[in-house]
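Take a look at the structure set out below.
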Number of protein chains: 2
Amino acid sequence: MPPTGKLARSTTALDVTRVLKERILAGHYAEDQFIRQDLIAQELGVSRIPVREALALLEAEGLVIREKFRGAVVPRLSAAEIEEIYALRGLLEPYLLEEAIARITPEIIDTLDDIVERSRRASDKTEWAGLNVEFHRTLYEAADRPLTLQMLDKLLVRADRYLKMQRFMSPQTQQESDAEHMRILDCIKAGDKDGALESLRQHIRWNAVDVRRTVGFDS
Amino acid sequence: MPPTGKLARSTTALDVTRVLKERILAGHYAEDQFIRQDLIAQELGVSRIPVREALALLEAEGLVIREKFRGAVVPRLSAAEIEEIYALRGLLEPYLLEEAIARITPEIIDTLDDIVERSRRASDKTEWAGLNVEFHRTLYEAADRPLTLQMLDKLLVRADRYLKMQRFMSPQTQQESDAEHMRILDCIKAGDKDGALESLRQHIRWNAVDVRRTVGFDS
DNA sequence: TGAAACAAAATCGGATCCAATATTCTTTAT
DNA sequence: ATAAAGAATATTGGATCCGATTTTGTTTCA
């Protein structure tokens with residue numbers, strides 16, 4: 001039996017959940033294709049029990065849908081769902097930003113400056129994506145609204161699956177995104193709350209437009 | 001071949017999930033008290049496997065917290081979490097109401113009228129609570145925003161646990177709540193969107209005040 | 001007597017096994 | 001030859017069993 005590595009704190013089920021989530025977000029499983037428990041179990045060297053728990057958790061996150069005695073599939077994302085996700089981002093993120101501004105410290109601002117700087121220098125697309133996430137995470141964690149942040153995370157995970165599948169992030173979009181982050185950060189430094197909020201809303205709108213354009217909606 | 005539009009048959013794990021959720025919402029388990037898998041399994045006449053899956057799902061909903069090799073407990077709700085839930089209601093519900101108004105039909109309005117009428121006549125507290133939920137559900141389903149509604153539901157479940165535990169709903173509060181529902185409905189009929197939104201926000205604020213008063217926060 | 005050390009019991013996470021159901025393949029009738 | 005019917009296979013959900021860890025109880029020593 002191959003050792004599964006050092007799982008001192010985590011459980012096998014959570015490890016499987018993490019692996020499957022990464023795979024799904026990487027577009028490893030085609031939509032409407034069944035994810036076979038047995039195969040996953042063999043690939044990861046575990047039994048089907050933690051695989052089943054992982055699939056149950058992923059269903060709760062909306063990343064798969066299970067049908068009794070049939071299996072789990074990655075569901076298609078509808079245009080309506082994408083639209084809804086961006087509408088919800090437009091509600092949640094300004095709220096988080098507002099609360100973050102009320103609680104932000106010079107240390108956090110320094111951290112954000114650093115992230116933006118590294119983001120601008122980033123050449124690798126994956127590295128840039130990581131820094132992009134880190135920027136928002138650092139900023140929003142300052143808001144001290146764990147429930148809201150958790151809800152937002154789940155929304156972004158759903159959207160991310162789509163975005164990564166579509167490979168839509170152009171260098172131009174990256175530049176524009178960095179610039180918008182800087183604008184938000186500058187507004188925060190200047191104590192311009194409304195300016196920061198407006199920049200954020202613009203940021204989200206641009207994101208939404210990008211997605212629509214790439215996906216080619218009509219709705 | 002028979003039509004595939006058959007209802008999704010329930011699985012044992014989902015049945016256990018439903019039972020446990022009902023129990024938790026009814027305050028059956030004390031906070032910080034371990035929910036023993038073996039006991040649940042015996043009580044329900046099933047094995048521990050579906051019980052474990054149920055607990056995993058309930059953890060994803062925030063109704064329990066599991067610690068490795070220790071078990072699952074109903075977590076305490078902090079004052080901060082209550083506040084956050086109401087803040088999020090204040091974001092999500094106006095959005096849903098706005099979308100609902102844009103799509104509402106005379107039939108739905110009739111249904112809502114009926115619900116309010118029955119709610120006003122309701123003597124039993126449980127019946128009233130059910131109608132209260134039905135009013136919001138009917139109204140918000142008209143918004144056709146399933147993700148948002150699902151998020152709201154999960155928030156309300158968390159809050160409900162607290163409210164039911166505290167048994168806070170006084171007759172006076174019921175009357176006031178019914179009146180607010182009528183006000184919202186009247187605004188919708190009159191095509192007064194802003195009025196409806198303002199009534200809703202007031203409704204949520206009152207709810208929040210009610211909770212704070214009953215719970216007796218200070219933090 | 002009280003606390004540390006050790007043993008016993010309880011409980012959990014995971015593995016293996018079995019039953020229920022779905023899917024695929026084969027047979028058969030027209 | 002084709003489509004319905006039935007057998008064989010595949011896959012899932014659940015039950016039973018096992019090792020790991022925590023908790024509880026007992027013993028021993030200062």
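Every chain is numbered from 1, with letters handed out A, B, ... down the list of sequences.
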In whole Å, what is the span from the [atom1] atom of [X] to the [atom2] atom of [N]?
X     : N      : atom1 : atom2 : result
B:D38 : D:dA15 : CG    : C1'   : 13 Å
B:I35 : C:dC12 : CD1   : C1'   : 14 Å
B:Q37 : D:dA15 : CD    : P     : 13 Å
A:L44 : C:dG14 : CG    : C1'   : 14 Å
A:F34 : D:dT11 : CZ    : C1'   : 10 Å
A:L39 : D:dT11 : CG    : P     : 9 Å
A:I40 : D:dT12 : CD1   : C1'   : 14 Å

Practice item. Inspect the contact between B:E53 and A:R66 and indicate whether a charged nitrogen and a carboxylate oxygen are less than 4.0 angstrom apart. Key: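 Yes.
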Check your understanding: Looking at A:E84 and B:R145, does any basic side-chain N land under 4.0 Å from a carboxylate oxygen?
Key ->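 No, A:E84 and B:R145 are not salt-bridged.
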Practice item. Name the residue closer to the 5' end of DNA chain C, choosing between B:R36 and A:K68 according to the nucleotide with the nearest heavy atom. Key: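 Upstream on the strand: B:R36.
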Ignoring hydrogens and angles, write down the donor-acceptor pairs under 3.5 Å from the side chains of residues 152-159 of chain B, residues two or more places apart or on other chains.
{"from": "B:D153", "atom 1": "OD1", "to": "B:R137", "atom 2": "NH2", "distance (Å)": "3.1"}
{"from": "B:D153", "atom 1": "OD2", "to": "B:R137", "atom 2": "NH2", "distance (Å)": "2.4"}
{"from": "B:R158", "atom 1": "NH1", "to": "B:E81", "atom 2": "OE2", "distance (Å)": "2.7"}

Check your understanding: Who pairs with A:D32 by salt bridge (charged side-chain N to carboxylate O under 4.0 Å, His left out), at least two apart in sequence or on another chain?
Key ->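 By the salt bridge (charged side-chain N to carboxylate O under 4.0 Å, His left out) rule, A:D32 matches A:R76.
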**Study point:** Test ring pair (Phe, Tyr, Trp, His ring centres under 6.0 Å) applied to B:Y140 - qualifying residues, sequence neighbours left out
**Key:**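 If we apply the ring pair (Phe, Tyr, Trp, His ring centres under 6.0 Å) test to B:Y140, skipping adjacent residues, the hits are B:H136.
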**Study point:** Listed partners of A:Y95 passing ring pair (Phe, Tyr, Trp, His ring centres under 6.0 Å), at least two apart
**Key:**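 A:Y95 satisfies ring pair (Phe, Tyr, Trp, His ring centres under 6.0 Å) with no other residue.
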Review point. With sequence neighbours left out, which residue pairs that include part of residues 43-52 of chain B fulfil the salt bridge (Lys or Arg N to Asp or Glu O under 4.0 Å) condition?
Key: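 Residue pairs passing salt bridge (Lys or Arg N to Asp or Glu O under 4.0 Å), neighbours aside: B:R23-B:E43.
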Check your understanding: With sugar-phosphate meaning primed atoms plus P, OP1 and OP2, does B:L14 contact a base, only sugar-phosphate, or nothing at under 4.0 Å between heavy atoms?
Key ->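 Result for B:L14 = nothing.
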Check your understanding: How do B:A13 and B:F69 order along DNA chain D: which one's closest nucleotide is nearer the 5' end?
Key ->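 Checking each residue's closest nucleotide, the 5'-ward one belongs to B:A13.
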Review point. When you measure from every atom of DNA chain D, which of residues 48-57 of chain A have a heavy atom less than 4.0 Å away?
Key: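 Heavy-atom contacts with DNA chain D come from A:R48, A:I49, A:R52.
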Check your understanding: Quick one: is A:T12 getting a side-chain N or O under 4.0 Å of the C:dG14 phosphate, OP1 or OP2?
Key ->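 Looking at the OP1 and OP2 atoms of C:dG14, one of them is under 4.0 Å from a side-chain N or O of A:T12.
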